[in-house]
Protein chains: 2
Amino acid sequence: MAGKRVRNMEEFAELSGISRPTVSKYFNNPDSVRKTTRARIEQALEEYDYRPNIYAMNQNRRLTKNIGVVVPYLADPFFAEIARNIERRCIDAGYFPLLFSSHGETAQENAILDSLRSLKPAGVLLAPLGRRSDMDHVRRFCDEVPTVLFDSYLADVGAAFVGSDHAQVVRLIVDYLCRSGEPPVYFEMRNLVNPNANRRRNGYLAAMESLGQTPEILKIDGDGWNFEEIGFRGGVAAIESGGFATNTVLCNNDRLAIGLIAAAWSKGVRVGRGPGCTLRVAGMDDHPFSQFTCPPMTTIAQDYANISDTSVEQLFAALENDAGSADRVEILYEGRLVMRDSA
Amino acid sequence: MAGKRVRNMEEFAELSGISRPTVSKYFNNPDSVRKTTRARIEQALEEYDYRPNIYAMNQNRRLTKNIGVVVPYLADPFFAEIARNIERRCIDAGYFPLLFSSHGETAQENAILDSLRSLKPAGVLLAPLGRRSDMDHVRRFCDEVPTVLFDSYLADVGAAFVGSDHAQVVRLIVDYLCRSGEPPVYFEMRNLVNPNANRRRNGYLAAMESLGQTPEILKIDGDGWNFEEIGFRGGVAAIESGGFATNTVLCNNDRLAIGLIAAAWSKGVRVGRGPGCTLRVAGMDDHPFSQFTCPPMTTIAQDYANISDTSVEQLFAALENDAGSADRVEILYEGRLVMRDSA
DNA sequence: ATAAAAAGTTTACGCGCGTAATCTTTCATC
DNA sequence: GATGAAAGATTACGCGCGTAAACTTTTTAT
């Protein structure tokens, strides 16, 4: 591709000895032309430096090869990892992923969906803000663009939903904690930012009940997505006001737990299940940093890989059934207990 | 904007009672039309649901309003935060930021630059991989597209470079560590992934020398961007083979330090500067998670805000001087000592 | 009020490509 | 080697908008 610069498809078609319409077909789908033709085009592609003008391509196409990927908060490594995996899959399938972060703000999410619409994407993978999502806005968007929702559940929106089975996730860790020591107090934010948090809380209640234990919920204050900070402050406040109902705390998510563990440290409370430890702290998510807390955090791993892979697959499936008439699918993956030293 | 859907600018122009060329002017720059005209257009915009076709707009424009933002590793909250800030600034200035992550891979960085070129961006903000960047590729790109580099220094490439003054950063923390206890051993990866690491190491050498101390460098193995993991393993290995030359370790960056602190914990070595502590660990960057390590990490804060703001400003400045003939600028920001409890 | 400048209108063309229709060549099959 | 099907070539049109040129209206300055 070192050769001279080619202006447009017309010129490139001449150079490769193939007609422009056929070259056009090739770029839309390399498999749609004969092998020998494809070879000739690809050889010319090596010789000359030509790439079709994206804007001219997409202007006349009803749909582009773009795929929008929208996450609520990209500074959270959890979403960064998922986005990365999704990106890879889309590229491998010949699509062009475009990554957006809502930064936790409703207005931002709406704005992203609006501009996404004018990009005529083939489809969109959306992890909505959840509680703070503008449901009507999201629904209107999904009516026009094939969309698969993941991570955060919104009822009856989009072509599919892929996420974790939070009831199972919570049951797993509650079981473990009860089996191995005192039953857990549940540590969560007062203002739940997404429906997953709700499901987890309900899962906790159900799991405790089925084990004949008395649930105990500690709601902490704080707003936004700075969960570690919120967990830290909530933890300090809890410890200062006399500690927890039992010696075991289950946090709504790892980031909160990271904050709580730091809070315990700062107050001289030793976390862990070894001798001399007076507090067990468990999280949920298996956040990338959770293995580096002190002590390393016991948590439940969400099935990152399956969630992102399946989301992409579901989107592709939805793109096939042009009609979009297929029934809405909901796929939930189970979590896996990751036993480390904090609980 | 609830009204009926408008097909194209022609139709919208009719509805607003303004000629199409003028409407076109408006969309390219709302200030380029008379206030009264602008008002009429914007009123029509409220009434009808119209947005110009992006693809048709950009097809004939030499440059678009797109701004490419490329970072080496988006799963690192440091870059996620910078990207977020940059995004905000671009949007406020009427541009459309497009975010890409090289995921630590040369091929990926090259691919991003290639597709970026065909997006005809007005400009690009690039934090290159550094050592693993394909210099020729980057240089060719910068010759065609106005580009500001940030974070990772590449010599003589792009319209400007904005980053940290690593020499100063290291001097600051070395000074502090020497003043407050034993001089630091320097903890870094054997395969330096970017030139900043080099500068920091040299900064360490210089600072130690100027203080009349003997520098001591510990190189650890590991490849890729999973720094915490690498720091952890390196830490465990170092401790098992007899510990460090002094009781103080300065890590090349916070993520390595996070791993080292976890390693110390796992080996029963108490980190901090209080009584009973046998190891001091300091990092550099003030990574978002560093305040939640146990103990909280002493580190040097990079000037996130200034670096991202200035990068954007420099890019806009470069866009003004169409010619691109202006001299290449290099702007370095100083770090700030963040004293916490780990050192 | 009047001239000059600024802004808007009309008209017209082209960008680079998608794509449909018709015709011609190539290929696989027996 | 004949035959039908599949693929490519030719021709032609249009997408939605940028933009230039020539002309007309509005605004600003004197």
Side-chain angles (χ1 to χ4, degrees), chain A residues 5-45 48-66 94 96 115 117-122 322, chain B residues 5-45 48-66 94 96 115 117-122 322:
Chain A
R5 190 142 210 138
V6 180
R7 290 199 180 160
N8 53 31
M9 197 180 280
E10 187 93 41
E11 198 173 316
F12 176 76
E14 266 186 59
L15 289 169
S16 62
I18 306 287
S19 74
R20 189 179 68 77
T22 303
V23 171
S24 171
K25 267 191 82 181
Y26 166 83
F27 279 111
N28 290 332
N29 178 8
D31 287 322
S32 67
V33 302
R34 208 183 292 148
K35 281 188 300 297
T36 59
T37 334
R38 178 171 177 171
R40 287 171 65 186
I41 293 177
E42 283 170 353
Q43 190 197 321
L45 231 32
Y48 305 97
D49 178 19
Y50 170 71
R51 303 188 66 167
N53 180 312
I54 301 186
Y55 300 105
M57 275 184 64
N58 288 336
Q59 174 175 10
N60 298 319
R61 223 206 278 285
R62 205 173 59 78
L63 294 179
T64 67
K65 285 286 185 179
N66 296 332
F96 190 78
S115 47
R117 187 162 17 203
S118 63
L119 287 172
K120 299 193 280 189
D322 241 3
Chain B
R5 193 148 207 129
V6 180
R7 290 200 181 162
N8 53 31
M9 196 180 279
E10 187 92 44
E11 199 173 315
F12 177 76
E14 268 186 57
L15 289 169
S16 61
I18 306 287
S19 74
R20 190 180 68 76
T22 304
V23 172
S24 172
K25 268 190 79 178
Y26 167 83
F27 279 112
N28 289 334
N29 179 6
D31 288 322
S32 68
V33 302
R34 207 182 290 146
K35 279 188 301 297
T36 58
T37 330
R38 177 170 178 172
R40 285 171 69 187
I41 293 177
E42 282 171 352
Q43 189 196 324
L45 231 32
Y48 305 97
D49 179 19
Y50 170 71
R51 302 187 65 165
N53 181 312
I54 301 185
Y55 300 106
M57 274 185 65
N58 288 336
Q59 173 175 11
N60 297 320
R61 222 206 281 284
R62 206 173 57 81
L63 293 180
T64 67
K65 284 287 186 179
N66 296 332
F96 191 77
S115 49
R117 187 162 17 200
S118 63
L119 287 171
K120 298 193 278 189
D322 242 2

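Within every chain, numbering begins at 1; the chains are lettered A, B, ... in the order of the sequence lines, protein sequences first and strands thereafter. Small disclaimer: the values here were computed from a predicted structure and weren't measured.
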With sequence neighbours left out, what residues match Glu42(B) under side-chain hydrogen bond (donor to acceptor under 3.5 Å, both in side chains)?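 Scan of Glu42(B) (side-chain hydrogen bond (donor to acceptor under 3.5 Å, both in side chains), adjacent residues dropped) gives Tyr26(B), Arg38(B).
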Find out whether [X] and [Y] are in side-chain contact, i.e. whether some heavy atom of one side chain is under 4.5 Å from a heavy atom of the other.
X	Y	value
Arg51(A)	Ser115(B)	yes
Thr64(A)	Phe96(A)	no
Lys25(B)	Asn28(B)	no
Met9(B)	Phe27(B)	yes

Between Pro121(B) and Leu63(B), which heavy-atom pair has the shortest distance, and what is it?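 That would be O-CD2, 3.7 Å.
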What's Asn28(B) touching, base or sugar-phosphate or nothing? Going by heavy atoms closer than 4.0 Å.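 Sugar-phosphate, no base atom in range.
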Looking for any heavy atom pair under 4.0 Å, which part of the strands does Phe12(A) touch: base, sugar-phosphate only, or nothing?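 Counting heavy atoms under 4.0 Å across all strands, no contact is made by Phe12(A).
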All salt bridge (Lys or Arg N to Asp or Glu O under 4.0 Å) counterparts of Arg34(A), not counting sequence neighbours: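 Per chain and number, Arg34(A) pairs via salt bridge (Lys or Arg N to Asp or Glu O under 4.0 Å) with no residue.
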List the residues meeting salt bridge (Lys or Arg N to Asp or Glu O under 4.0 Å) with Glu14(A), not counting sequence neighbours, and say none if there are none.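 Per chain and number, Glu14(A) pairs via salt bridge (Lys or Arg N to Asp or Glu O under 4.0 Å) with no residue.
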Do any N or O atoms from the side chain of Tyr55(B) and from the backbone of Leu119(A) form a donor-acceptor pair under 3.5 angstrom?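 Between the backbone of Leu119(A) and the side chain of Tyr55(B) there is a qualifying donor-acceptor contact (under 3.5 Å).
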Strictly distance-based, threshold 3.5 Å: is any side-chain N or O of Thr37(A) a donor or acceptor partner for the main-chain N or O of Val33(A)?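 Not confirmed, Thr37(A) side chain does not pair with Val33(A) backbone.
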Near DNA chain C, which residues from residues 29-43 of chain A have a heavy atom under 4.0 Å away?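 Hits under 4.0 Å, by residue number: Arg34(A).
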Go through residues 19-26 of chain A and report each residue with a non-hydrogen atom lying under 4.0 Å from DNA chain C, sorted by number.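 The stretch gives Arg20(A), Ser24(A) as the residues lying under 4.0 Å from the strand, ordered by number.
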Outermost DNA chain C nucleotides near chain B [under 4.0 Å, heavy atoms]: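 Taking any atom under 4.0 Å from a heavy atom of chain B, the span is dA7(C) to dG16(C).
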